[in-house]
Amino acid sequence: MPYSPEHDEIENPLREGLRVNAAPEPCSVVVFGASGDLAHRKLIPAFYSMALVGRLPGSFGLVGVSLTSYTEEQFKKEMREAVGKHARIKPVREEIWQDFAGGMRYVAGKFDDPNTFLELKKKLEELDHSRATRGNRLFYFATPPSTFPMLLRGLKNAGLIYPPDHPSFSRVVIEKPFGHDLASARALNREVLDVLNEKQVFRIDHYLGKETVQNLMVLRFANSIWEPLWNNKYVDHVEITAGEELGIEARGKYYEEAGILRDMIQNHVLQLVTLTAMEPPVAFDADSVRDEKKKVLRAIRPILGFDEVAANVVTGQYSAGSVGGADVPGYRQEQNVAADSRTPTFVALKLQINNWRWDGVPFYVRSGKRMPKRATEIAVHFKSLPHSLFGDGATQPNVLVVRVQPEEGIALRFSAKVPGERYRPRTVSMDFRYGQAFGAASPEAYERLLLDAMRGDQTLFTRKDEVESAWRLVDPILRVLESKEYPGPFEYEAGSWGPNQSSELLARDGRAWRRL
Ligand code: BG6
């Protein structure tokens, strides 16, 4: 069936999001790092897809900035290819592309050179005239974190940042990683807030752009049946898995510095924990939601010192194995990885949330590269029956599973009677599948987040104190893992669910990871 925006609107009500959405004002977007991977694979295709479904403002411009010395025509040509490869809806519609590309500009230059910003300013002013973008600017830092301070200074010195009460807006989207540890995150926050007001800062965590992650809030706060059960009286434990088949690809240099805790836990996985555990916010606005998420982070008991890490944290590093039928090398054989690297590519953690709702309910979380399959899910395990009428072990506790990706959906596991003259219970599942229920494919996470940033809605972006609270939890664990005394990660074969010690973490409590 040919693609039609109208069809998408009608068939997929969820794409409207959770609130009544205002259309973004006219604006120009500036992508720093325009020749990089993120711009090619995610950002430019997302803007094109938004143009296609009529989500971009009528007056829109896009300026790419990077070191690469493209001419404007070369830049457009390369972006056209990127869109052809990576856009959500293919093939590319030529008339939409032509209009979109008409508002594209390019600036080649170094980020520490004031001329780069003066040139950028000229292009933006020209777009204000030719494309009626009214002085509104969204700057996107799709660059390594070391460049963030110089980009901020460059923008400020060129007069490209308005005060927050200015009639036109200037906003900055900052990619992860936001800091390397608590101290550097704090330092970065200081630099950012020296130039911008918090209302102008959009720290991105692309997990928050995923429909299924947003749906956690709808599941919890638009239904009455879960809330009475969503606490330590009825929930036994919560299990969160974020597993990937992929290895580290060509990112050895970055990954050696980051490891799984910085790459996945400090941001994406802790976001899943907060959305699962948070109290209902007083309103559905950015600060009310973020206040509640931050309270969860503050209530998580920090894991401090060697003994607590040994008892609550298991790390692993993949060795050669086979994933999806293909042989893959071990982590230490990957490009730009040290032959004696101690960087973990897997971690399992037992977290405790010290508040009235969750006291005594462990949250087991795990994330890893080179798992047997890609699977991100949240499983809420309810308590066992106080007494079974059907014989010992005849029933399994109820489990609610939110499948974040793939096969996005929600499943509830419960007992039903096997047909026949006996009362024999068997576990069955009620399954809601996004794709089936809503027909059309969901927009990409980046589309949703870019749109929100253009609209100035910060609900799905992390606030200064939230980022720092997440680091406050991860920092002491990293200090132990990176100390000489720590023996290093356990080895696990690529294509397995991590080292055996990860199963032991739960077995010690009489529990087991779900079989995925
Ligand atoms: C990124 C990490 O933030 O998230 C990657 O840097 C990881 O290492 C990716 O692969 C996972 O995202 P997704 O959307 O594929 O689950």
Side-chain angles (χ1 to χ4, degrees), residues 33 36-43 45-46 49 86 88 140-145 173-180 185 202-216 240-273 275 315-318 323-324 328 331 334-337 341 343-347 365-378 402-409 434 441-450 460-462 467 470-471 474 494 498 516:
D37 194 55
L38 185 70
H40 280 73
R41 289 160 54 107
K42 297 284 182 191
L43 302 180
S49 300
H86 302 293
R88 176 165 62 90
Y140 199 114
F141 293 181
T143 50
V173 184
I174 304 183
E175 258 299 329
K176 72 171 266 269
F178 196 93
H180 187 71
F202 291 72
R203 299 175 192 81
I204 206 162
D205 181 319
H206 79 280
Y207 266 53
L208 292 175
K210 293 181 191 275
E211 286 284 358
T212 36
V213 174
Q214 292 159 37
N215 189 44
L216 260 172
I240 299 181
T241 295
E244 295 183 85
E245 266 186 36
L246 288 179
I248 53 149
E249 313 265 81
R251 300 159 78 212
K253 194 160 162 280
Y254 154 77
Y255 205 86
E256 278 283 87
E257 296 276 308
I260 193 84
L261 275 114
R262 292 187 178 91
D263 190 47
M264 290 293 290
I265 302 291
Q266 186 272 341
N267 33 63
H268 311 324
V269 174
L270 282 178
Q271 286 295 327
L272 298 181
V273 173
L275 291 168
T315 58
Q317 188 187 69
Y318 63 83
V323 179
V328 296
Y331 177 71
E334 304 272 16
Q335 211 187 339
N336 295 326
V337 170
S341 169
T343 303
T345 58
F346 171 92
V347 71
V365 308
R366 62 177 168 170
S367 180
K369 298 276 186 199
R370 290 290 190 219
M371 305 272 97
K373 60 179 186 180
R374 179 171 188 243
T376 300
E377 65 156 51
I378 299 158
V402 177
R403 287 189 306 268
V404 172
Q405 62 189 23
E407 293 163 28
E408 291 78 358
Y434 249 79
S442 300
E444 283 268 327
Y446 274 96
E447 288 174 45
R448 170 62 196 257
L449 294 174
L450 290 167
L460 300 177
F461 294 84
T462 47
V467 171
W471 275 119
V474 170
L516 298 179

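For ligands, and for the atoms within them, numbers begin at 1 and follow the listed sequence.
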Item to check | Sub-4.0 Å heavy-atom approach of Y255 to ligand 1 | outcome: no

Next on the checklist: Within ligand 1, which atoms have a heavy atom of H268 less than 4.0 Å away?
Outcome noted: 1 (C), 3 (O), 4 (O)

Determine all donor-acceptor pairs shorter than 3.5 Å in which one atom belongs to a side chain in residues 366-373; sequence neighbours excluded.
unit_1 : atom_1 : unit_2 : atom_2 : d
R366   : NE     : T241   : OG1    : 2.9
R366   : NH2    : T241   : OG1    : 3.4
S367   : OG     : A242   : O      : 2.8
K369   : NZ     : E244   : OE2    : 2.9
R370   : NH1    : E245   : O      : 3.2

Item to check | Nearest non-hydrogen protein atom, atom 15 (O) of ligand 1 | outcome: R374 NH2, 3.5 Å

Checklist entry - Are Y255 and T345 side-chain neighbours, meaning at least one heavy-atom pair lies under 4.5 Å? => result yes

Item to check | ligand 1 atoms in contact with Q405 (distance to a heavy atom under 4.0 Å) | outcome: 13 (P), 16 (O)

Item to check | ligand 1 atoms in contact with K369 (distance to a heavy atom under 4.0 Å) | outcome: 5 (C), 7 (C), 8 (O), 10 (O)

Checklist entry - Between Y434 and E407, does any side-chain donor sit less than 3.5 Å from a side-chain acceptor? => result no

Item to check | Closest protein heavy atom to atom 8 (O) of ligand 1, given as residue, atom name and distance to 0.1 Å | outcome: D263 OD2, 2.5 Å

Checklist entry - Counting heavy atoms only, which of E244, E249, K176, R251 is nearest atom 9 (C) of ligand 1? => result E244

Next on the checklist: Just to confirm my output: which protein heavy-atom neighbour is closest to atom 14 (O) of ligand 1, and how far is it?
Outcome noted: K210 NZ, 2.5 Å

Checklist entry - Between the side chains of E256 and Y331, is a donor N or O closer than 3.5 angstrom to an acceptor N or O? => result yes

Checklist outcome for this item: re atom 16 (O) of ligand 1, the protein heavy-atom contact at minimum distance is Y207 OH, 2.5 Å

Next on the checklist: Is there a side-chain contact between R41 and Y446 in this structure, where contact means two heavy atoms from C-beta onward sitting under 4.5 Å apart?
Outcome noted: no

Next on the checklist: Quick check on ring-ring contact (aromatic ring centres under 6.0 Å, His included): which of F461, F141, Y140, F178 does F202 satisfy it with?
Outcome noted: F461

Item to check | Polar contact flag, side-chain donor to acceptor under 3.5 angstrom, D263-Y254 | outcome: yes

Item to check | Top protein contact for atom 12 (O) of ligand 1, by heavy-atom distance | outcome: H206 NE2, 3.1 Å

